[in-house]
Student: 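After the structure tokens below, expect a handful of questions from me.
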Amino acid sequence: MFGTSGIRGAVGDEVTAELALSVGRALATEGYERVVVGRDVRESGTVLVDALTAGVRECGGDVVDVGVAPTPTVARGVDWLEADAGVVITASHNPATDNGIKLWSPSGQAFDTERRETIASRVETDRYDLAAWDGLGSRSRDDGLLERHVEAIADRVDDLDGLDVVVDVGNGAGSVTADALLELGASVRTLNAQQDGRFPGRPSEPNEETLGDLQELVGATDADLGVAHDGDGDRMVAVDERGRFVPKDLLLALFAREAVSTGDRVAAPVDTSLAVDDALADVGASVTRTAVGDVYVAERATEPDVVFGGEPSGAWIWPDETLCPDGPLAAAKLAAMAAAEGSLANLVDDLETYPIRRTSIEVDDKERVMETVESTVRERYDEIDALDGVRIDHGDGWTLVRPSGTEPVVRITAEARDDERAEALFEDAREIVLEANEESDVAPAE
Ligand code: MG
């Protein structure tokens, strides 16, 4: 039921009021007595909030309804409102037809596997501790979280006087960003700022393809940078003053370099570019690699000396602030870096980038293929990481062989400091996968 991103799916199919009611009942039954509930801009969210609230209260828990708010605002609000858990009704960057439920701990961290499984098994067995007539929980309203989030950002980021920023909210819940930038003294123009869960302005996932309007506007005006969010405002990506989309690996490198001192570590997934290692090596810091997914990055960011965590999907985590990816905080921090340098384009262009090769190979049985790939690779190489797929560190480059989560394909990525080496590493990995696929064809299934 719960993936790493919580429950997510089509409204009226996988995601129903009945499910929200059950999750609410499960939370209160499992001892989460005070629960903060917020939602993104999807209209279907009002029904899900009502149902989930009824479930919590029916089992004796109290609900603080914070209305429409970015996911990081609600996640931070769990601690601010002294609650035991937070719930965001959101399908993040998915289309308007979807919705979902994501659960948060007081640290701002999404529920980990163990906590998710406790709630999931409670829902599956359908057993709850319903309260007596005089033991129902309460429902209250708190409208102060957005302002509190703006203040938290303004406290942590230098003034932006004279900076000109365009914010593409994507019709989502990320209004905190424009307010925080204004508070810091920047001039702000907005795109797609009207909240609308049908996402009429652009698809909710912010990337180079969906942000054509932002790139054009920033490039055609004297704006210093553009920033954009997904529907629930946990992700942030950017456009430089020339209107160029900033590759997400390079954003990761910029944030990481700014956060570290000598000896610190940065958490990032196994497919992160060498650009990040090199940006950190300059200052004596290093990357600690995680499985792909912001939940795993956040988990690693709880370790001492990890001062920043980044997922190139656009999720940026500063653990001393919150373990939730905070899109508005990331936007303000990037604006401050652009203001200090005088140009975001210069910051980006100063980073070294390397050739990267990618492909997907269709296979008959991806589990068997991955088993064979792993044993072949272990025979041939020493520096292996099997955390998520198989990653080989070649010293001057790396390859990653990883099964797709949804399709019958295995993906190969290779990166090195020059073209020839990247091509050689890529071809080597491709042959290993092709041979493993042939073998799995011949060998009978056990
Ligand atoms: Mg999101």
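Indexing begins at 1, ligand by ligand and atom by atom, following the structure's order.
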Student: What's the separation between atom OG1 in T177 and atom CD1 in I153, rounded to the nearest 0.5 Å?
Tutor: 6.5 Å
Student: How are the rings of F255 and W318 set relative to one another: parallel (under 30°), tilted (30 to 60°) or perpendicular (over 60°)?
Tutor: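 Judged by the thresholds at 30° and 60°, the geometry between F255 and W318 is perpendicular.
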Student: With no hydrogens and no angle check, is any side-chain donor or acceptor of T322 less than 3.5 Å from a backbone partner on C324?
Tutor: yes
Student: Going by distance alone, is a donor N or O of one side chain under 3.5 Å from an acceptor N or O of the other, for S92 and D232?
Tutor: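 D232 and S92 do have a side-chain donor-acceptor pair below 3.5 Å.
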Student: I'd like to check the salt bridge (Lys or Arg N to Asp or Glu O under 4.0 Å) partners of R391; sequence neighbours left out, ordered by chain and number.
Tutor: none
Student: Are side-chain N/O atoms of S286 and R265 paired as donor and acceptor at under 3.5 Å?
Tutor: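 Side chains of S286 and R265: no pair found under 3.5 Å.
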Student: In the shown structure, where waters are left out, how many protein N, O or S atoms lie under 2.8 Å from the Mg ion (ligand 1)?
Tutor: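 There are 4 of them.
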